[in-house]
Structure formats: C-alpha cells, structure tokens
Amino acid sequence: PTRRFSDLHPKTSRHVALALLRHLFTFELMQVTLNPVALADIKKLAEEALIGRLESVSTGEKLTLARRASGRVAGELLLDPEPRVIQTALGNPRLTEASVAKAILRENVSRALVETVCRHTKWSLRGEVRIALLRNQNTPLAWALEFARTLPEALVAEILRSSRLPGNVKAALLGEIQPRS
C-alpha cells in the first residue's frame with residue numbers, strides 16, 4: 001500500500017520530506033500545510049508548491065482549496081477571476097485580515113474582488129481592510145465615502161496621500177472630511 005505524506009512519522013528527516021513534496025497531489029499538499037506537527041519550513045514549501053499549482057487546477061479544486069486550505073492559500077485564491085472562488089475564499093476560517101488587505105493592495109487585483117469585499121458582511125467592517133480599500137483605485141465612491149466616515153480625519157488624509165484612487169474620488173473624500181474638522 002502507498003503511504004501519504006501525512007501518514008509519515010513526524011520526525012521524518014527534512015531532506016526526505018522536501019523530496020516527497022514534489023510528488024504529492026494537490027490535496028495532499030493541502031494536508032501538509034494544515035498538519036499541526038509538520039515543521040514550519042516544510043509547511044511553507046508545501047504552501048508555495050500549492051500556490052504554484054493554482055493556475056493549473058480546476059475550478060472545483062479551487063473551490064475546495066478556497067474553503068479548506070490555509071489562510072495564505074486562501075489569500076492567493078482571492079486573486080482568482082472566478083467570483084465563486086473569491087466568495088468561498090472570503091469564507092475560509094483561516095483567512096486573516098492581513099491577507100485580505102494584502103490581496104486588495106496588489107497591482108493585479110480585480111474590480112470583482114474589491115466590490116465583493118466592500119459588500120462582505122465580515123471583511124468590510126475590518127479597519128485594515130477599509131484602509132486597503134481606500135488605497136485601491138477600484139473602490140467605488142459610495143463605499144469609499146462610507147469607509148472614510150468611520151476613520152479618523154487625520155488617518156483618512158494620510159491614506160489619501162498614498163492612495164491610488166482617482167482624483168475626483170480623492171477630492172470628494174477630502175470634501176467629506178474637511179467639514180468634520
């Protein structure tokens with residue numbers, strides 16, 4: 001019978017474990033990343049291998065990974081063009097606020113992700129995510145105004161200095177925060 005990586009002894013030598021990673025299937029790699037007794041560097045390499053395979057896996061596999069994989073893999077799946085994958089990844093319990101904000105701030109982020117996060121009941125309430133959305137050029141004006149109203153004026157002014165929002169949106173936001181001062 002064949003043995004899976006997760007069935008191996010936790011004290012398997014590092015060089016043997018690294019050699020085995022290249023031969024694992026997608027969901028076996030996912031199990032390695034979630035294994036609490038696996039070494040941190042082995043988990044990280046398994047995550048990198050899994051992220052490297054995301055382009056070639058089917059939508060069904062992406063949906064399963066979005067639902068069950070580690071937070072880092074779910075964060076990468078936020079950049080997928082398929083809206084169902086994005087929505088499922090946002091529901092991953094291992095996904096962190098930092099991962100969502102990092103995905104929003106990437107150069108190649110889709111408008112679909114930005115708008116989905118703006119409407120999301122959990123992530124749209126998070127401060128770090130709101131700041132990232134105020135820095136993203138795809139954030140709709142109505143959402144940008146709502147997020148700016150919930151943040152301190154000085155912070156909004158600082159965010160707008162480094163923001164990639166269009167000029168007219170920045171002007172509207174500055175006009176909104178000036179009367180509060």
Side-chain angles (χ1 to χ4, degrees), residues 1-136 138-139 147 151:
T2 60
R3 292 182 59 166
R4 295 186 330 217
F5 184 81
S6 58
D7 296 335
L8 296 177
H9 193 275
K11 295 194 179 204
T12 302
S13 67
R14 180 175 274 114
H15 75 276
V16 171
L18 292 174
L20 284 174
L21 283 178
R22 290 184 295 226
H23 303 289
L24 296 179
F25 294 111
T26 302
F27 292 112
E28 291 172 333
L29 281 171
M30 182 187 72
Q31 290 301 323
V32 171
T33 66
L34 300 176
N35 189 342
V37 297
L39 298 172
D41 60 338
I42 301 294
K43 286 182 180 185
K44 185 173 181 179
L45 287 171
E47 281 180 334
E48 289 171 4
L50 196 53
I51 289 167
R53 291 185 188 181
L54 290 178
E55 292 292 323
S56 61
V57 297
S58 69
T59 302
E61 289 173 315
K62 286 180 185 178
L63 286 168
T64 301
L65 288 170
R67 187 177 308 107
R68 296 177 38 205
S70 67
R72 186 168 168 222
V73 174
E76 287 294 321
L77 285 167
L78 291 175
L79 301 175
D80 195 80
E82 175 67 39
R84 293 182 306 159
V85 173
I86 294 170
Q87 193 66 39
T88 304
L90 287 171
N92 184 315
R94 295 176 189 89
L95 188 64
T96 63
E97 184 175 355
S99 295
V100 176
K102 182 180 173 185
I104 291 168
L105 291 173
R106 293 197 45 190
E107 290 289 327
N108 59 342
V109 67
S110 68
R111 181 177 294 275
L113 171 63
V114 172
E115 291 177 0
T116 301
V117 172
C118 285
R119 289 189 305 272
H120 199 274
T121 56
K122 175 182 176 183
W123 296 114
S124 66
L125 300 176
R126 306 293 179 113
E128 192 175 333
V129 173
R130 286 182 170 203
I131 291 169
L133 287 167
L134 284 175
R135 288 191 167 124
N136 188 286
N138 294 321
T139 304
F147 299 148
L151 298 170

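FYI, the numbering just counts along the sequence from 1. Since we're looking at a predicted model, the values are computed, not measured.
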Taking it one step at a time, do Asn35 and Ile42 satisfy side chain to side chain contact (heavy atoms under 4.5 Å, CB included)? CA-CA 10 Å; Asn35 189 342; Ile42 301 294; over 6 Å; no

Would you indicate whether Lys102, at its atom NZ, is surrounded by more than 12 heavy atoms from other residues, nucleotides or ligands within a distance under 6.0 Å? no

Min side-chain heavy-atom separation Val85-Leu65 under 4.5 Å: no

Going from CE on Met30 to CD on Glu61, what distance comes out if it is rounded to the nearest 0.5 angstrom? 10.5 Å

Go through the steps for Lys122 and Glu97 under the test salt bridge (Lys or Arg N to Asp or Glu O under 4.0 Å), then give the verdict. CA-CA 10 Å; Lys122 175 182 176 183; Glu97 184 175 355; over 6 Å; no

Any residue meeting salt bridge (charged side-chain N to carboxylate O under 4.0 Å, His left out) with Arg68, in chain and number order, not counting sequence neighbours: none

Going through the distances and angles, do Phe147 and Cys118 end up as a side chain to side chain contact (heavy atoms under 4.5 Å, CB included)? CA-CA 9 Å; Phe147 299 148; Cys118 285; 3.9 Å; yes

Close side-chain approach of Thr139 and Leu134, heavy atoms under 4.5 Å: no

All side-chain hydrogen bond (donor to acceptor under 3.5 Å, both in side chains) counterparts of Ser56, not counting sequence neighbours: none

Trp123 CH2 to Arg130 CZ distance, which is reported to the nearest 0.5 Å: 13.5 Å

Can you confirm whether Asn92 sits close enough to Arg67 that some side-chain heavy atom of one is under 4.5 Å from a side-chain heavy atom of the other? no

Donor-acceptor pair, distance only, cut-off 3.5 Å: does the side chain of Glu28 make one with the backbone of Phe25? yes

Ser70 and its side-chain hydrogen bond (donor to acceptor under 3.5 Å, both in side chains) partner, picked from Glu47, Lys44, Arg94: Glu47

Once rounded to the nearest 0.5 Å, what's the spacing between atom CZ of Arg72 and atom CG of Leu77? 12.0 Å

Let me confirm one number: the CD-CG distance from Gln31 to Leu50, rounded to the nearest 0.5 Å. 11.0 Å

Check: Arg126 and Val100 side chains under 4.5 Å, non-hydrogen atoms: no

All heavy atoms of Leu78 vs all of Ser99, minimum pair found to be CD1-O, 4.4 Å

Taking only residues two or more places apart in sequence, or in another chain, which ones meet Thr116 in a side-chain hydrogen bond (donor to acceptor under 3.5 Å, both in side chains)? none

First locate atom CG of Leu24, then atom CG of Leu29, and finally report the distance between them rounded to the nearest 0.5 Å. 5.0 Å

Given side chain to side chain contact (heavy atoms under 4.5 Å, CB included), test Arg53 with Glu48 step by step and report yes or no. CA-CA 9 Å; Arg53 291 185 188 181; Glu48 289 171 4; over 6 Å; no

Indicate the atoms forming the closest heavy-atom contact of Val117 with Leu133, along with that distance. CG1-CD1, 4.0 Å

Do NZ/NE/NH1/NH2 and the carboxylate oxygens of Glu82 and Arg84 come within less than 4.0 Å? yes

Could you report the tightest heavy-atom contact between Asn136 and Ile104, atom names first, then the distance? ND2-O, 2.7 Å

Which atom names give the shortest non-hydrogen contact between Val32 and Ala38, and what distance separates them? O-CB, 4.0 Å

Looking only at heavy atoms, which two atoms of Ala74 and Ala89 are closest? And how far apart? O-CB, 3.6 Å

Show your reasoning for whether side chain to side chain contact (heavy atoms under 4.5 Å, CB included) applies to Ser110 and Leu79. CA-CA 7 Å; Ser110 68; Leu79 301 175; over 6 Å; no

Hey, what do you get for CG (Asp80) to CG (Leu113), rounding to the nearest 0.5 Å? 10.5 Å

